[in-house]
*Asks:* 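A single structure is presented below for examination.
Ligands are counted one by one from 1 in listed order, and the atoms in each one are counted from 1 as well. These numbers come from a predicted model, not from an experiment. Reckoned from all heavy atoms, side chains included, excluding hydrogens, waters and symmetry mates.
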Amino acid sequence: MRLLPGDSVAVISGVGPRTAAALAAAGVRTVADLLWYLPRRWEDRVTPAPLREVREGGEPVTVWGTLIDLRLKRVRPRLSIVEAAISDGDTALGVVWFNQPYLASSLKVGQRLWLHGPVRPGRLLGLQLQSPEWEAHTDDREALHHGRIVPIYRRLGSLNGRRLRALVMRVLRDLEGTAPDPLAGEAPPGGAAPGLLDALAETHFPPAMADPGERRELLRLLHARLTPAQRRLAQYEFAGLAVALQRARQARLSQRAERCVVTEEIRQRARAALPFRLTGAQKRALKAIVADLQRSVPMGRLLHGDVGSGKTVVAALAALVVAGSGAQVAVLAPTELLAQQHHGTFTRLLASAGLEPALLIGAMADADKQAVRQGLARGSILIVVGTHALVQESVSFARLGLVVIDEQHRFGVAQRQRLVGKGRAPHLLVMSATPIPRSLALSLYGDLEVSVLDELPPGRRAVRTVVREGTARGKVMEFVAREVRRGAQAYWVFPFIEEAEDVPVRAVASHAREVRRGLPGVSVGVLHGRLPAGERERVMAAFASGQLAVLCATTIIEVGVDVPRATVMVIENAERFGLAQLHQLRGRVGRGRHASYCVLLLGDACTPQARERLVHFATLQDGFAVAEEDFRLRGPGEFTGLRQWGRPDFKLADLCIHRGELEFACQLARRWMEEGTLEDKARLLGGLVAGDVGPA
Ligand code: ADP
Ligand code: MG
């Protein structure tokens, strides 16, 4: 029976209905799924150790020998021991298995065995192998669990590692080698290009070399996911992603959008709206956007720029152009706080152009929401700023021309599509400040054109960042008090709303009191997600207007909040935050012309490594540098952009380890698109790698 990757696991010989059901329950439905269930690690069990060299402790050992003794002891009703001994002709070694009485009958004295397990002092004589893995050692059959580099798997449903090894081996043996391979002949410069099935086989059961030193090096590479076979697997997985992105792009390019007409009047209004001169980067981005808006293909553009780089004003001017053409603009923000703030900014900027943006958020009175929905459906409202409330079914547009999504990473692609679907091929502008490494941004947002704001507005000064022990809190209070007396405002950020019993961190609810006591005569507000919406709004407005000098808050203020007079940011338990998140928080200050400070306070439980990480962060200002560092330290777990594409986590590919492979896959997908083979490749890849490869 020859197997194909797309076959159900039920057709693998030796897989009965029970096993098939167990596999399916664990998400393994096809032969390809099983092959992508990759080992968690590998063990070198190639060469058996001579028994006389076996020592107690540490690593399990691999040995072989002839069984010279075997007996079953029932010690207590619930405890049975199989005691055995093996000999390699020179030395004997004891073996015990606990509670596996059947071994007394399945093993036979005189039989030759492979054994692998830990060595402990025996009860009576010398050393003992304890509950080792075992396997008959015959001359006519290759061992599966010994005498090779052995894959160790995570349990899969009811299947243990031994069963899995046997299953995978069987599949690899029965596999049809001629399944069409979408990457056949495609290799990165200088790289090898084994077929997918060969790369999988080599990753499950790596061929072992004779030299132990070379094997150690191979194991190191395997565990680092850097063998040529593993790199190849990463290319396949990334090709699946890249194809999905290219197909989304192609789907967009095949639509017809409404072309905006940019008149001299609109240009004048735009110039009049601006309270400042645009930075060079803002000008470049705006030029690209306006050019896109005048085409009949819907724009799909990512505006990527570090915190404070001034994305909002670019979006507002784009809105002005579209509204000037008579089409509607929907601006989606991730939080109510941010929606309100954007609404304020858009209102101020666009008032001189005679535009009155509406707001739509959950916290509004029903009647007000209803009025906005009607205005949008009728077309009397041209610009609306809102939260998820905009995405709801009850919202429709008369003539939606542009969708703007701020902090794109906070939304799923599905939400973005739902809003886009409310118009006939509207233009799309997504904005993100998530500082991710540049190459990665290009790949993750591969369906979009990218404009980067790589220049901060003039007059900005670096935020001076310092790390302080918790014991210095008194000094920090004095510093904040001094800055406040000079007219500055401060954020004081806590990781939690309320104290938890077993987590030794400071919470905003209780410690705001401490801040108040430490700052007599200073007006201190409290802001967190559990306050009623109206209260949150009031507190934020009071801080924005300067009525409150200090704002004790959770990370609710992390994204987008813009109060230029706030120049001090204190972060409690800073060790609990990721660097990218700290950078976002720090981005709340340094927005005005005054010197700004960020104080990272350490909790009592902060480890020396965590402290070092923060001290290094303090020296970094550029978000991309922070991203690289965060990425290096923590891997790409944070970057959920992938999940948005309906793709489960990669089985092996790692955005951090396999960047070269990612670039290769993205180039490949672009070429396939140009050659017109994208759909074929998508169909082939769809059956070979996990996750969908884009819209059908
Ligand atoms: P982000 O890119 O983080 O969303 P914002 O759009 O909130 O940044 O802008 C940050 C601050 O910089 C705002 O107060 C905004 O008014 C100001 N700003 C934006 N562009 C300029 C500019 N060209 N010159 C001066 N200030 C600017
Ligand atoms: Mg912003």
*Asks:* Within the 4.5 Å heavy-atom criterion, are Val385 and Leu360 side-chain neighbours or not?
*Replies:* no

*Asks:* Listed by chain and number, what are the salt bridge (charged side-chain N to carboxylate O under 4.0 Å, His left out) partners of Glu265, not counting sequence neighbours?
*Replies:* Arg269

*Asks:* Which atoms from ligand 1 have a heavy atom of Leu278 less than 4.0 Å away?
*Replies:* 23 (N)

*Asks:* Just distances here: any N/O of Gly310 and N/O of ligand 1 closer than 3.5 Å?
*Replies:* yes

*Asks:* Is there a donor-acceptor contact under 3.5 Å from the side chain of Glu258 to the main chain of Gly401?
*Replies:* no

*Asks:* Look only at interatomic distance and state if Gly308 has a nitrogen or oxygen under 3.5 Å from any nitrogen or oxygen of ligand 1.
*Replies:* yes

*Asks:* Suppose we screen for salt bridge (charged side-chain N to carboxylate O under 4.0 Å, His left out). Which residues come up paired with Glu612, at least two apart in sequence or across chains?
*Replies:* none

*Asks:* For ligand 1, which atoms sit closer than 4.0 Å to a heavy atom of Thr279?
*Replies:* 23 (N)

*Asks:* Find all atoms of ligand 1 within a distance of less than 4.0 Å from any non-hydrogen atom belonging to Arg277, and give their numbers and elements.
*Replies:* 22 (C), 23 (N), 24 (N)

*Asks:* Give the atoms of ligand 1, by number and element, whose distance to some non-hydrogen atom of Thr312 is under 4.0 Å.
*Replies:* 4 (O), 5 (P), 6 (O), 7 (O)

*Asks:* Just verifying a value: how many Å separate Lys311 NZ and His304 NE2, rounded to the nearest 0.5 Å?
*Replies:* 8.0 Å

